[in-house]
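A short worksheet on the structure shown next.
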Protein chains: 2
Amino acid sequence: MPTGRPREFDVDERLDRALDVFWRQGYEGTALSDLTAAMGINRPSLYAAYGNKEALFRKVLDRYAEGPAGYVRDAVAEPTARAVAAAILHGAIDVVTGGPGGCLFVQGALVTGRQNETARREIEERRRFSERMLADRFERARDEGDLPPDTDTAALARYVWSVSYGLSVQAAGGASREDLRRVADTALNALPGGAPADPPPDA
Amino acid sequence: MPTGRPREFDVDERLDRALDVFWRQGYEGTALSDLTAAMGINRPSLYAAYGNKEALFRKVLDRYAEGPAGYVRDAVAEPTARAVAAAILHGAIDVVTGGPGGCLFVQGALVTGRQNETARREIEERRRFSERMLADRFERARDEGDLPPDTDTAALARYVWSVSYGLSVQAAGGASREDLRRVADTALNALPGGAPADPPPDA
DNA sequence: CCAATTGTGTACCGATCGGTATTGAACGCG
DNA sequence: CGCGTTCAATACCGATCGGTACACAATTGG
């Protein structure tokens with residue numbers, strides 16, 4: 001129970017509005033005036049509650065990772081490597097076609113001017129984290145015999161993420177969920193074991 | 001032979017320097033001061049020679065399409081659908097790992113603030129053009145019997161571009177040429193006809 | 001050599017950028 | 001009530017944004 005005047009807005013709720021703006025316009029494309037307008041608070045309130053623009057962006061990235069990008073956490077819990085890959089691609093499609101368009105970890109900042117390199121590196125770090133998570137999961141699958149022993153698990157993980165990132169780019173260009181579903185189905189054909197519609201060759 | 005004082009720099013050569021900056025920093029991340037510094041000319045000279053920032057960016061996109069992205073034009077001339085796809089992915093890898101990092105048509109602007117939407121749409125149009133070009137090529141391949149009659153050529157083209165865009169994102173994160181080659185090889189496994197290392201099933 | 005034309009360099013424009021100082025209002029506590 | 005504390009709102013900060021006015025240098029045509 002802190003003393004003093006109580007805050008007149010919900011920090012988490014307004015953070016979601018900030019996420020929406022960063023997601024739609026990227027880090028560099030978003031001005032503080034955009035944020036304050038969308039969040040319905042004044043500039044000093046924003047600085048008091050979240051720090052500066054960079055700190056707010058970091059909080060937004062965390063929220064995005066736990067919320068819209070939470071499907072990654074769930075995906076690696078799938079029982080088979082193929083199911084994991086499918087869950088990642090299908091989860092990505094839901095996110096990139098459901099929200100403002102694309103994945104924040106891709107749209108947010110691929111490149112930046114000199115000043116905003118911190119934000120770019122921050123976002124890059126999140127991508128790397130997800131990539132490592134998937135590579136570890138595939139390595140486990142190989143150890144369990146779920147993937148062939150000679151599988152290049154790192155390359156396979158990179159492949160799945162490449163497709164996923166590509167889906168995000170296409171979503172930014174207006175591709176529909178159905179379009180992307182067909183892409184994902186095609187992509188899954190490349191996994192060891194072949195197409196999922198046909199039963200595995202040893203069945 | 002125009003009268004008046006002759007220009008002291010080569011327009012095309014300096015345009016390449018502008019390309020380098022936009023490529024590395026994106027449209028929004030690039031300030032006019034970055035451009036004039038890299039191009040070695042003053043601001044009024046830039047405006048006299050290229051128009052404004054948007055017009056310069058458009059010229060840069062054209063130059064990129066003819067230069068670094070010229071591999072797409074060559075790729076669709078390959079004899080088979082598989083060779084076309086392989087040429088696109090391998091060509092993309094050379095570009096995204098050779099230049100400043102990534103593909104300008106991806107890095108340049110996936111999202112923007114309100115003011116720079118024109119540049120975003122411009123770049124989006126270029127992507128769409130390449131996508132249609134590949135889809136048309138795959139359609140021809142299907143008509144020629146090079147692809148199965150039930151092939152969803154549009155989806156296949158979107159798949160190849162998805163992987164390619166993903167390679168660009170990964171290159172921005174520091175992936176090496178060898179890393180991306182393995183991704184491309186995996187991706188090509190998804191094409192009708194299976195893996196290229198093994199001879200086709202009817203051989 | 002003179003006039004017309006065009007590029008170069010400096011210095012500047014209003015607008016907007018991210019970030020803050022300051023004032024006054026709203027609370028808990030004594 | 002008074003007091004310390006915290007938030008809200010206005011108004012402002014220097015820096016930088018994209019873009020340009022203006023004076024001067026360099027060239028061609030007469």
Starting from C1' on C:dG7, measure out to CG on B:Asp10 and report it in whole angstrom.
15 Å
Identified ring-ring contact (aromatic ring centres under 6.0 Å, His included) counterpart of B:Tyr64 within the set B:Trp23, B:Phe57, B:Tyr71
B:Trp23
Within the side chain of A:Asp152, is there an N or O that forms a donor-acceptor pair under 3.5 Å with the backbone of A:Ala155?
yes
Please check if the side chain of B:Asp143 supplies one atom and the backbone of B:Arg140 the other of a donor-acceptor pair under 3.5 Å.
no
Does the side chain of B:Arg63 reach to within under 4.5 Å of the side chain of B:Pro68, using non-hydrogen atoms?
no
DNA chain D contacts among residues 52-62 of chain B, heavy-atom distance under 4.0 Å:
B:Asn52, B:Lys53
Taking side chain as C-beta onward, heavy atoms only, is A:Leu46 less than 4.5 Å from A:Met39?
yes
I want to check a possible cation-pi pair here: B:Arg7 against B:Phe9, using under 6.0 Å from ring centre and within 45° of the ring axis as the test.
yes
Do A:Gln107 and A:Phe22 make a side-chain contact, defined as non-hydrogen atoms from C-beta onward lying under 4.5 Å apart?
no
When the distance from CD of B:Glu8 to P of D:dA26 is rounded to whole Å, what number comes out?
8 Å
Starting the side chain at C-beta, find the nucleotide from C:dA4, C:dT16, C:dC27 nearest to B:Gln115.
C:dT16
Rounding to an integer number of Å, can you tell me how far A:Tyr47 OH sits from C:dC17 P?
12 Å
In whole angstroms, the gap separating P of D:dA26 from CZ of B:Arg7 amounts to 17 Å
Side chain of A:Arg5, base of C:dC27: donor and acceptor closer than 3.5 Å?
no
For the side chain of A:Thr3, starting at C-beta, report the closest nucleotide among D:dG19, C:dT5, D:dG4.
D:dG4
For A:Arg24 and A:Thr30, indicate whether the former's side chain and the latter's backbone hold a donor-acceptor pair under 3.5 Å.
no
Side chain of A:Phe9, heavy atoms from C-beta onward: which of D:dA8, C:dC27, D:dT27 has the nearest atom to it?
D:dA8
What I want to find out is whether A:Arg158 reaches A:Glu131 closely enough, with some N-O distance under 4.0 Å, to be called a salt bridge.
no
Using a cut-off of strictly less than 4.0 Å between a heavy atom of the residue and any atom of DNA chain D, enumerate the qualifying residues of residues 17-45 of chain B by number.
B:Thr30, B:Ala31, B:Leu32, B:Ser33, B:Arg43, B:Pro44
